[in-house]
Asker: 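Sharing a structure, written as structure tokens. Questions coming.
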Amino acid sequence: MLALDNLPPPLPAEGAISKPQRGNESYIALVWRRLKRSWTGMAGLCLVVLLLVMAVFAEFLAPMDPKVTDVGFAPPQLPSFHDKDGNVVARPRVYALADSADLDPVTFQPVVGPDYDHPRLLGFFAHGAPYKLFGLLPADRHLFGSLDGQPVHFLGTDKFGRDVLSRAIHGSRVSLMIALTVVFIITVIGTTVGMVSGYFGGRFDIWMQRFVDLVLAFPQLPLYLALTTLIPVTAPTNVFLAFVIIVMSALGWAQMSREVRGKTLALARIEYVRAAMAVGATDRRIIMQHIFPNVMSHVIVAVTLAIPTVVLLESFLGFLGFAVKPPLISWGLMLQDTATYSVIGTYPWILSPVGFVLATVFAFNALGDGLRDAVDPY
């Protein structure tokens, strides 16, 4: 007699629907699965994460103190794996520039060249300038630098002898902070105004859209320059920075509001919204429970595409001297050294902050493009 435990499971009846092996996939999981299929979206996501990590741990990642001065306009010191005899060595090193015994036949000045007799060994977690991580934890370790604590300039120095790479890493904190803060304010105001205006409609919507048209009609660049010159130059740095953020936010929320209003007008006519109105749901509940979740997909994509715009705007205004004032550091402020063509031609490494701006713009644009395809694949 066969044991009942050894019997095979009964086959499902014909026409019966078998249960799925796993639960229903949530909307966030579905968007994530679609995003992983886009290599540009994933590349943008990885770059965005790296940029945020660089901004948070700027003191640890920067090889030097961005305020310490050295030789002005020193060229970049590239790591080398060869000694002075050309032999391959295991530990990377850099050679500082020094005056040699040879004289230039034209100027009779000492020829400047690499000092092969005194190499500076490089390594990870090297001791360097002291700092406080997150403003609390004292430390002096840096991710990569000279093992003997001597200055190393991987991207050269500016006119005051400050390390360009360290200043660019610290500048990411201010530039990204401005961009994220401005986009956050724009998103909150634009989304709220757009949903309320599109849902209620009528006279309120008409007057609100005329105000939005007025804001959009302003020529933004001259208005930026005019408003930023209203604050005195002697004002504290934090006040000037807050004023710049307010000006950018006040002129940027209208476009977001117009886009959200268009989505709200379409959602307000859908059956489940009309059903909620019929059963007596309050306007606040309808906006927050039915309209807001459906416009969030568009808002998220709009945010990722708006951040590069603000980064470029801050860099442009900083180049003109209207965004950030010393002692703060931003990418736009660093680009002020490239104001003359002679400096660019003689010291091209001064353009290094442009690479950080391009990487940031590409990262958020690629992430926004990938999110747009993942949120609405059709």
Asker: Report the distance from atom CG of N365 to atom CZ of F362, rounding to the nearest 0.5 Å.
Answerer: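 If I round to the nearest 0.5 Å, the distance is 9.0 Å.
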
Asker: Which residue pairs pass the salt bridge (Lys or Arg N to Asp or Glu O under 4.0 Å) test with at least one member in residues 122-131, sequence neighbours excluded?
Answerer: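 Residue pairs passing salt bridge (Lys or Arg N to Asp or Glu O under 4.0 Å), neighbours aside: none found.
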
Asker: Please enumerate all residues that pass ring pair (Phe, Tyr, Trp, His ring centres under 6.0 Å) together with F73, with sequence neighbours excluded.
Answerer: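 By the ring pair (Phe, Tyr, Trp, His ring centres under 6.0 Å) rule, F73 matches Y347.
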
Asker: If Ile, Leu, Val, Met, Phe, Trp and Tyr residues are connected whenever their side-chain heavy atoms lie under 4.5 Å apart, and connections chain through other members, are V68 and L155 in the same group?
Answerer: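 In one cluster: no.
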
Asker: Distance from R285 atom CZ to F292 atom CZ, nearest 0.5 Å?
Answerer: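 That separation rounds to 15.0 Å.
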
Asker: Write out all pairs satisfying side chain to side chain donor-acceptor pair (under 3.5 Å) with one or both partners inside residues 292-314, taking only residues at least two apart or from two chains.
Answerer: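 Every side chain to side chain donor-acceptor pair (under 3.5 Å) pair that includes a residue of residues 292-314, provided the two are not neighbours, is S175-E314, E259-H298, Y272-N294, E314-S330.
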
Asker: Membership question, hydrophobic clusters at under 4.5 Å side-chain separation (ILVMFWY): are L30 and V301 in the same one?
Answerer: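 No: no chain of side-chain contacts under 4.5 Å links V301 to L30.
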
Asker: Considering residues at least two apart in sequence or located in another chain, which fulfil the side chain to side chain contact (heavy atoms under 4.5 Å, CB included) criterion with T157?
Answerer: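 With neighbours one apart ignored, the set is A74, H153.
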
Asker: What salt bridge (Lys or Arg N to Asp or Glu O under 4.0 Å) pairs are there with at least one residue in residues 197-209, not counting sequence neighbours?
Answerer: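 Applying salt bridge (Lys or Arg N to Asp or Glu O under 4.0 Å) to every pair that reaches into residues 197-209, excluding sequence neighbours, yields D205-R261.
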
Asker: If a pair satisfies salt bridge (Lys or Arg N to Asp or Glu O under 4.0 Å) and one of its residues is in residues 335-353, list it, with sequence neighbours excluded.
Answerer: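 Pairs touching residues 335-353 that pass the test: K159-D337.
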
Asker: Which heavy atom of A363 sits nearest to which heavy atom of L47, and what is that distance?
Answerer: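 Taking every non-hydrogen atom into account, CB-CB, 3.4 Å.
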
Asker: Got a sec, which pairs hit salt bridge (Lys or Arg N to Asp or Glu O under 4.0 Å) with one end in residues 161-184, sequence neighbours left out?
Answerer: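 Listed once each, the pairs are E59-R173, D158-R162, D158-R167.
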
Asker: Please find the pair of heavy atoms, one from D283 and one from F200, that lie closest to each other, and give the distance.
Answerer: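 That closest heavy-atom pairing would be OD2-CE2, 3.4 Å.
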
Asker: Tell me every residue that passes ring pair (Phe, Tyr, Trp, His ring centres under 6.0 Å) with F154, counting only those two or more places apart in sequence or in another chain.
Answerer: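 Counting only residues at least two positions away or on another chain, F154 forms a ring pair (Phe, Tyr, Trp, His ring centres under 6.0 Å) with F144.
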
Asker: Test Q209 against R258 for side-chain hydrogen bond (donor to acceptor under 3.5 Å, both in side chains), laying out the working first.
Answerer: CA-CA 8 Å; Q209 293 311 306; R258 182 61 60 83; 2.9 Å; yes

Asker: Quick one: CG on L312 to CZ on F316, what's the gap to the nearest 0.5 Å?
Answerer: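 Going from the CG atom of L312 to the CZ atom of F316 covers 11.0 Å.
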
Asker: Please report the interatomic distance CG(L180) to CD1(I245), rounded to the nearest 0.5 Å.
Answerer: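 L180 atom CG to I245 atom CD1 measures 10.5 Å (nearest 0.5 Å).
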
Asker: Which value, rounded to the nearest 0.5 Å, describes the distance between M64 atom CE and I169 atom CD1?
Answerer: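 So the CE of M64 and the CD1 of I169 are separated by 12.0 Å.
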
Asker: Among residues two or more places apart or on two chains, list those pairs meeting side chain to side chain donor-acceptor pair (under 3.5 Å) that have a residue in residues 71-80.
Answerer: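 For residues 71-80, and leaving out neighbouring residues, there are no side chain to side chain donor-acceptor pair (under 3.5 Å) pairs at all.
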
Asker: List in chain and number order the residues that pass ring pair (Phe, Tyr, Trp, His ring centres under 6.0 Å) with H142, two or more places apart in sequence or in another chain; answer none if no residue qualifies.
Answerer: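 Listed in chain order: Y131.
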
Asker: What's the spacing between F134 CZ and F60 CZ if we round to 0.5 Å?
Answerer: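 Rounded to the nearest 0.5 Å, the CZ-CZ separation comes to 10.5 Å.
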
Asker: Which other residues belong to the hydrophobic cluster containing L78, where Ile, Leu, Val, Met, Phe, Trp and Tyr are joined when side-chain heavy atoms lie under 4.5 Å apart, directly or via other members?
Answerer: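 ILVMFWY cluster around L78 holds nothing else.
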
Asker: For R120, check salt bridge (Lys or Arg N to Asp or Glu O under 4.0 Å) against everything at least two apart and list the hits.
Answerer: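 Residues passing salt bridge (Lys or Arg N to Asp or Glu O under 4.0 Å) with R120: none at all.
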
